Amino acid sequence: MARQASLSGFTELLPAERVVELHVLDSLRRTFELHGFSSLETRAVETVGSLLQKGEIDKEVYAVSRLQADEDERGGRTDPQQLALHFDLTVPFARYVVENAGYLSFPFRRYQIQKCWRGERPQEGRAREFTQADIDVVGDGELPFVYDVEMALIAAEALAALPIGDFVIRINNRKLAEGFYRGLGLDDPTAVLRAVDKLEKIGESGVVAELVATAGATEEQARAALALAAIRTPDTGFVEQVRALGVEHPLLEQGLSELAEVIGLASRRAPGRVVADLSIARGLDYYTGTVYETVMVGHESLGSICSGGRYDALAVKGDRRFPGVGLSVGVTRLLARVLAQKLAVATRPVPTAVLVSLADEDGWAAADDVATGLRARGIPTEVAATAAKFGKQIKYADRRGIPFVWFTSVDDDGTVRHEVKDIRSGEQVPADPETWTPPADDLLPRVVPGD
RNA sequence: GUGGGUAUAGCUCAGUUGGCAGAGCGUCUGGUUGUGGUCCAGAAGGUCGCGGGUUCGACCCCCGUUACUCACCCCA
């Protein structure tokens, strides 16, 4: 039998790892629902036409077609009706909002946790099939700016509940950056941002060279752009620092005041978690204001684990506009690091808390009665399949991390005696199947800090 | 898409100019006639990624191919 090779970028976890993943997903869901977000799921496929805005062919998108589809049904890569797997959740959500606008109440708050697919070369933290956990608030025509603040706070709260250690949400504002560049006389903010974004990788001189080459900047303009990107403050101190650079533009002023509001309010609620970082260039495509990016402290090379921002017109229906602000948590990415470095581990890979042992082959029904009594009180229990030697039954439990083994025996006078053994300590005590309960810590698998 | 590395037991890996396919860990059995973990003894487990070539003979050398992996690009 030929071994089925693993597929690069399509990760499959072991049971103990899945416990950690479920913990992350449950935790995110809890936080999102605490903040009043409705759950939503959209289909896995969209048409290429709705996925790719400008009709350009994106090689990262996986196309979907029936194996037996004939040539013309299969369409071409240029056919906008061709089906494809979504590569994020924002675009499908925008389509959903437009389609269901009549049934939704705005501002509409939703969270969405689903798989996404991109055909990129995989690396740690970058898979071809991955899970994103998105939250967005979408308005009809208008969306109050305070949601930009709320997003940062929800992100801080959601991430703080995950076993990922310390993190920092870096926030910038695209109006600020674009206004600054225009005030400098640079007319291609996108190219400038793209170059500045590489600062950590290629260094200052590299960025200057790229700005001169691709953004039509003079060396002086490039230096000024770098000076802006160097600004990083945990409070609203960045405003003075930007003003000190002496550039003026209406868009810059608007960006400064927006970012100051986000940072001011967010740093009060979540001190140390947010920072104004004017080098953040995330979201070039559709973000128009606030942009967020989040790194795990000590794991900066992993990249952002939670990104998003404000968009003014992602969804448009006739002359109705649906502006929004949202965030994506990269569940697969952060989980990759958590699992690889054992930042958190499961206490056991199976739900089972108790294995009811079997003394003889006729005893299964009676053992199952014990198990049923335990399960009725919420205690995950399984029954041994054979009356193997007790040593083997204990070993079975030990290998799976099942903490307790239940023994039932019948005395000469017919008295039935129940005992439960904690196989970690070896302690074995009399127990009543109707009332015995394991310690709270042992009831279900838990996720605890690793080494 | 571009460039490097790797591919041998379930896992981690050795394998001598080219001469019988190996170790540790894990698994199973027994020592141990009904309570595991230690210890001892034994066993099972292989298309040496795949295809071709050179050779008396290939895990080893050559060509091709596929997969995995790291980096670049880009992004969650």
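The structure presented is a predicted model; accordingly, all values stated were derived computationally and were not measured. Quick note: numbers below take in every heavy atom, side chains included, and nothing from hydrogens, waters or symmetry partners. Chain identifiers are assigned alphabetically (A, B, ...) following the order of the sequence lines, protein sequences preceding nucleic acid strands; residue numbering begins at 1 within each chain.
- Judged by Watson-Crick or G-U wobble contacts below 3.5 Å, the nucleotide B/A41 has B/U29 as its partner.
- Under 3.5 Å, the side chains of A/Asp136 and A/Tyr311 contain a donor-acceptor pair of N or O atoms.
- The residue A/Gly125 sits close to a base: some heavy atom pair falls under 4.0 Å.
- At whole-Å resolution of the value, CD in A/Gln428 and P in B/U35 are 11 Å apart.
- Comparing B/U12 with B/G26, their C1' atoms are spaced 11 Å from each other, to the whole Å.
- Shown for residues 352-364 of chain A: residues whose heavy atoms fall under 4.0 angstrom of RNA chain B, namely A/Leu358, A/Ala359.
- Checking A/Thr42 against A/Gln112 by side-chain atom types alone, a donor-acceptor pair falls below 3.5 Å.
- Rounded to a whole angstrom, the distance from the P atom of B/G10 to that of B/C48 is 12 Å.
- Distance check on atom C1': B/G31 versus B/C70 gives 49 Å, rounded to whole Å.
- The phosphate of B/G36 has neither OP1 nor OP2 within less than 4.0 Å of any side-chain N or O from A/Arg424.
- Here B/A76 presents its C1' atom at 16 Å from CZ of A/Arg128, a figure rounded to the nearest Å.
- Taking the C1' atoms as reference points, B/C63 lies 33 Å from B/G45, given to the whole Å.
- Using modelled atom types, one finds a donor on one side chain and an acceptor on the other under 3.5 Å when comparing A/Tyr111 with A/Glu33.
- Taking atom C1' in both B/C59 and B/U16, one finds a spacing of 13 Å when rounded to whole Å.
- The C1' atoms of B/A44 and B/G37 are separated by 23 Å, rounded to the nearest whole Å.
- With contacts defined as side-chain heavy-atom distances shorter than 4.5 Å, the pair A/Phe238/A/Leu176 qualifies.
- Side-chain N/O atoms of A/Arg377 and A/Thr437 include a donor and acceptor closer than 3.5 Å.
- Counting any heavy atom pair closer than 4.0 Å across all strands shown, A/Tyr396 reaches no nucleic acid atom.
- When heavy atoms are screened at a 4.0 angstrom cut-off, A/Arg118 is found touching base atoms of the nucleic acid.
- Comparing the same atom, P, in B/G57 and in B/A43 gives a spacing of 34 Å after rounding to whole Å.
- Across the strands present, B/A7 finds its partner in B/U66; the criterion is a Watson-Crick or G-U wobble pair with both atom distances under 3.5 angstrom.
- Base pairing of B/G22: its partner is B/C13, meeting the Watson-Crick or G-U wobble criterion (both donor-acceptor distances under 3.5 Å).
- If you check B/A71 for Watson-Crick or wobble pairing at under 3.5 angstrom, you find it paired to B/U2.
- Note on A/Ala387: a base of the nucleic acid sits closer than 4.0 angstrom, heavy atoms only.
- For A/Arg126, counting side-chain heavy atoms from C-beta on, the closest listed nucleotide (B/U32, B/C74, B/C72) is B/C74.
- Here A/Gln123 does not reach the OP1 or OP2 of B/U69: none of its side-chain N or O atoms lies under 4.0 Å away.
- Here B/C61 sits opposite B/G53 as a Watson-Crick or G-U wobble pair (both hydrogen-bonding atom distances under 3.5 Å).
- Here the two rings, on A/Phe108 and A/Phe322, have centers that are 6.0 Å apart or farther.
- Stacking is not found between A/Phe390 and the pyrimidine-like six-membered ring of the B/G36 base under the 5.5 Å centre-distance and 30° plane-angle cut-offs.
- Between the side chains of A/Thr31 and A/Glu157, no donor-acceptor pair of N or O atoms lies under 3.5 Å.
- Under the 4.5 Å side-chain criterion, counting only non-hydrogen atoms from C-beta, A/Arg446 is not in contact with A/Arg348.
- Whole-Å rounding puts the A/Arg333 CZ to B/A76 C1' distance at 5 Å.
- Whole-Å rounding puts the A/Asp398 CG to B/U27 P distance at 10 Å.
- Between the C1' atom of B/G36 and the NZ atom of A/Lys421 lies a distance of 8 Å, rounded to the nearest Å.
- Residues A/Lys392 and A/Asp422 each lie close to RNA chain B; by heavy-atom proximity, the contact nearer the 5' end of the strand is made by A/Lys392.
- Between B/U32 and B/A41, the distance separating the two C1' atoms is 13 Å to the nearest Å.
- For the pair A/Ile394 CD1 and B/G37 C1', the computed distance is 10 Å after rounding to whole Å.
- Between A/Pro438 and A/Ile379 there is a side-chain heavy-atom pair separated by less than 4.5 Å.
- Between the NE2 atom of A/His86 and the P atom of B/A76 there is a distance of 15 Å, rounded to whole Å.
- Within the 4.0 Å cut-off from OP1 or OP2 of B/C75, not a single side-chain nitrogen or oxygen of A/Ser307 is found.
- Whole-Å rounding puts the A/Ile305 CD1 to B/A76 C1' distance at 10 Å.
- Under a cutoff of 6.0 Å and an axis angle of 45°, A/Arg400 and A/Tyr396 form a cation-pi pair.
- Note on A/Ile423: a base of the nucleic acid sits closer than 4.0 angstrom, heavy atoms only.
- Minimum atom distance to the side chain of A/Arg399 is reached by B/C28, of the listed B/C28, B/C68, B/U32.
- RNA chain B is contacted by both A/Lys389 and A/Val331; A/Lys389 maps to the nucleotide lying nearer its 5′ end (nearest heavy atom per residue).
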